[in-house]
Amino acid sequence: MNGDDLIERILREGERRADEVEVFYARGLSVATEIKKGILGNAEESEAWNVAVRTVKDGRIGFSATSDPDRWKECLDAALASGRLATPQQWGGFPKPADLAGTPSAADGDLVVAVEDAARMVGELLSGAAEHPVEVVGGGADLARSYLAVANSSGVFYGMDRTVAAVSLETIREQSTGYEFDASPFLADIDARSVGEQAASLAARSLGGRDIKTGRYDVVLSPVAAASLLGQVLLPALSGRNVKAGRSFLADKVGEQVFDERLSVYDDPFAPGLGSTAFDAEGVPTRRLVFVEQGVLRRFAYDLKTGYRYGEGSTGSAVRFGSEGPGIGVHNLFIDGPQVKEPGDERAIWIHDVVGAHTANPFSGDFSVEISNPFWMEGGEPVEPIRTAMLSGNVFEMLGGIGGLGNDSRRVGRLTIPSIRLNNQQIIGK
């Protein structure tokens, strides 16, 4: 039984037993390789299924998922059973078929899920790392191809292909470590040798870092460091569910200047990226959403459930990860603005990454994180390593007055972001 036949069977049986039914289907093939002791260790090919069912009966929403397509009837039974325990809520129905506004850039026709190709990428990673005197302690290369579909009893039946190529490498030189990575739907975007060289370069150049005294300094967050902090704080603040529950710093600020006037934040689901799609995880057509325009807050993100509850309507922002049910998220979020070659050429601390961003308070924006691979930067170039220290502050206050944006935007997961210069930030050293 192919995927489309399976979806049709679940819909027909579900319609007989509930008011509405939704099926989310994913089937994928992947190859994962792992570097051990500086050489290619494991290489594993696997096939995965995910079938998720939502039912609606008398305003009660049920959900269940399975990784075994032969057990779809049990999955449907479990969804109906969970719905009987759910609290009835305001519900306006699953979406009806609509014209999709654009074409996603999510699949690479030339990407082949093959052990040989992944092994070649590992070889390039190691070749790049060999440019510096370091030890490779981990990493790997992954290739994946999948088909996703969402269908419901209102007539929606959308499907799309998705591909992923990803590499990562971790190196060490004495007490200094370096980690780099990259991921894209398109194999041609991945320069594995460059990723390996950068990971090794970070470890080699960080050796011999000096202590820094506690005080306030100008800092430059690399795209990786900026994405780590903002991903933990900004994304939850844009969720309509958190806004309505009073758990967002940005609640009740629509129309206000909340960030530096040079900053804009928008979700472009049709841009090439890991979240590129023409429909969201509930079958709602996606569209470009501007959340912050030149520092002014314009809107929040909603899925069906939250949109119906608060009378806001879905913004096509539902996403799913693994076997979880749909939730509010972003597809390809851009943090953008006027960029210069270097975000200020005056002396500053350049921070490659941060450790502990998950401890940042998503409601207040307060954070205190360890900085990873910091350097003194002069004339836009890292010139002298610094021993690790702590950076503390508040994300919303930081974004209220930035020092500038670099012209080095890169994709980090579902975020595309440049380096950000921040003036007068608190560094906790010795």
Side-chain angles (χ1 to χ4, degrees), residues 28-48 108 111-146 163-209 222-225 227-228 274 321-322 350-358 369-375 382 385-389 410-413:
L29 181 66
S30 64
V31 166
T33 61
E34 184 179 7
I35 297 172
K36 288 187 174 181
K37 297 182 179 179
I39 61 173
L40 176 61
N42 298 330
E44 181 178 346
E45 182 177 292
S46 62
E47 182 176 12
D108 182 349
L111 188 150
V112 177
V113 181
V115 171
E116 295 78 7
D117 288 354
R120 174 184 54 76
M121 296 167 73
V122 167
E124 293 172 355
L125 281 170
L126 297 174
S127 175
E131 294 289 324
H132 303 274
V134 299
E135 179 183 352
V136 174
V137 295
D142 301 332
L143 295 169
R145 176 177 291 279
S146 59
T163 56
V164 177
V167 293
S168 66
L169 196 72
E170 184 176 8
T171 65
I172 187 169
R173 183 177 179 188
E174 299 183 17
Q175 302 300 316
S176 299
T177 60
Y179 177 76
E180 259 295 356
F181 61 93
D182 200 3
S184 171
F186 302 98
L187 185 59
D189 287 348
I190 303 298
D191 186 343
R193 193 180 193 286
S194 176
V195 170
E197 191 278 331
Q198 293 172 36
S201 175
L202 279 170
R205 289 190 300 148
S206 296
L207 186 65
S222 79
V224 174
S228 295
L274 298 176
F321 298 99
W350 181 81
I351 300 171
H352 173 66
D353 201 356
V354 298
V355 179
H358 65 284
V369 296
E370 180 181 342
I371 58 178
S372 180
N373 299 114
F375 288 82
I386 299 172
R387 196 183 299 274
T388 187
R410 66 177 274 188
R411 274 195 302 265
V412 183

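Keep in mind that the numbers below use all heavy atoms, side chains included, and drop hydrogens, waters and symmetry copies.
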* To do: Would you list the pairs meeting salt bridge (charged side-chain N to carboxylate O under 4.0 Å, His left out) in which at least one residue belongs to residues 111-126, sequence neighbours left out?
  => Arg120-Glu124
Within the side chain of [X], is there an N or O that forms a donor-acceptor pair under 3.5 Å with the backbone of [Y]?
| X | Y | value |
| --- | --- | --- |
| Ser127 | Gly123 | no |
| Asp108 | Thr163 | no |
| Arg145 | Leu111 | yes |
| Thr33 | Ala141 | yes |
| Thr171 | Ala199 | yes |
| Ser372 | Val354 | no |

* Minimum heavy-atom separation for Ala165 to Leu143, with atom names? ->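 Heavy atoms only, the tightest pair is CB-CD2, 3.8 Å.
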* Does a donor on one side chain sit under 3.5 Å from an acceptor on the other, for Glu131 and Ser201? -> no
* Asked: Could you walk me through whether Val164 and Asp142 pass the side-chain contact (heavy atoms from CB on, under 4.5 Å) check?
  -> CA-CA 8 Å; Val164 177; Asp142 301 332; over 6 Å; no
* To do: List the steps, then state whether side-chain contact (heavy atoms from CB on, under 4.5 Å) holds for Lys36 with Ile39.
  => CA-CA 6 Å; Lys36 288 187 174 181; Ile39 61 173; 5.7 Å; no
* By ring-ring contact (aromatic ring centres under 6.0 Å, His included) - contacts of His352 (at least two apart) ->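 So His352 forms a ring-ring contact (aromatic ring centres under 6.0 Å, His included) with Trp350.
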* What residues, two or more places apart in sequence or in another chain, satisfy ring-ring contact (aromatic ring centres under 6.0 Å, His included) together with Phe186? ->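 For Phe186 there are no ring-ring contact (aromatic ring centres under 6.0 Å, His included) partners, ignoring immediate neighbours.
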* Close side-chain approach of Asp353 to Asn373, heavy-atom, < 4.5 Å ->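 Of all side-chain heavy-atom pairs linking Asn373 with Asp353, none is under 4.5 Å.
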